[in-house]
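So the structure is just underneath, and the comments pick up after that.
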Amino acid sequence: MVLGSAAGGIGTHETQHRKFLSSGTRSLSPHTLPAFLPIMAAGQLAIALGAKGAALHTATACGSGSTGIITAATMLHSGACDIAGGADAMITPLCTTAFARMRALSRRDDEPQHTAQRLYRSRRAAPTSPRALPR
């Protein structure tokens, strides 16, 4: 099993951090670390699918899903794994604000068909939706 994602459970991390800051240590879930560590998604997916063998996670920022699939292709060819995938959804208040502060979000809301563009010079910024991928 190979899964690629850049940040894992960032939403869980943000939620638990807010609880910790507002209500103290006793409000923090004992499952906080396992819930947001990126490798845990690969492990949970392997369990859900009944996959046997190693669970591997790749994290290479925006290319994590692709890196996971390429790594898995090599492993599939050698017989070392039988499942591959890539997923990310960094659309949380913290991540969206960070992307906005970097000016990495598209401002072409009036032309959604141009929001997700390939890496052309005219591209203005990255889309924020998992469904808004370049063709």
Requested in this report: Give the C-alpha distance, both sets of side-chain angles, the deciding distance and a yes or no for side-chain contact (heavy atoms from CB on, under 4.5 Å) between L56 and T71.
Outcome: CA-CA 9 Å; L56 176 67; T71 302; 3.8 Å; yes
Requested in this report: Report the C-alpha separation of H57 and V2 in whole Å, then their side-chain angles, then the decisive distance to 0.1 Å, and conclude whether the side-chain contact (heavy atoms from CB on, under 4.5 Å) test is met.
Outcome: CA-CA 6 Å; H57 176 264; V2 180; over 6 Å; no
Report task. Walk me through it: do L28 and H17 pass the test side-chain contact (heavy atoms from CB on, under 4.5 Å)? Result -> CA-CA 8 Å; L28 197 67; H17 189 246; over 6 Å; no
Report task. Decide yes or no on side-chain contact (heavy atoms from CB on, under 4.5 Å) for T25 and F20, but give the supporting numbers first. Result -> CA-CA 6 Å; T25 58; F20 172 72; 3.6 Å; yes
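Judged purely by atom type and a 3.5 angstrom limit, E14 has no side-chain atom pairing as donor or acceptor with the backbone of T92. Distance alone, capped at 3.5 Å, places no donor-acceptor pair between the T96 side chain and the P93 backbone.
Nearest heavy-atom pair, A6 versus A61, reported as atom, atom and distance to 0.1 Å: CB-O, 3.3 Å. The two residues P38 and S5 come nearest to each other via the heavy atoms CB-OG, 4.4 Å.
Considering OG1 of T32 and CG of L37, their distance stands at 10.0 Å, rounded to 0.5 Å. Within the model, atoms CE of M75 and CE of M1 stand 11.0 Å from one another, a figure rounded to the nearest 0.5 Å.
A donor and an acceptor atom, one from each side chain of T67 and T58, are nowhere located under 3.5 Å apart.
H13 places none of its side-chain heavy atoms less than 4.5 Å from the side chain of L94. Side-chain atoms of I69 and S66, non-hydrogen and from C-beta on, never get closer than 4.5 Å to each other.
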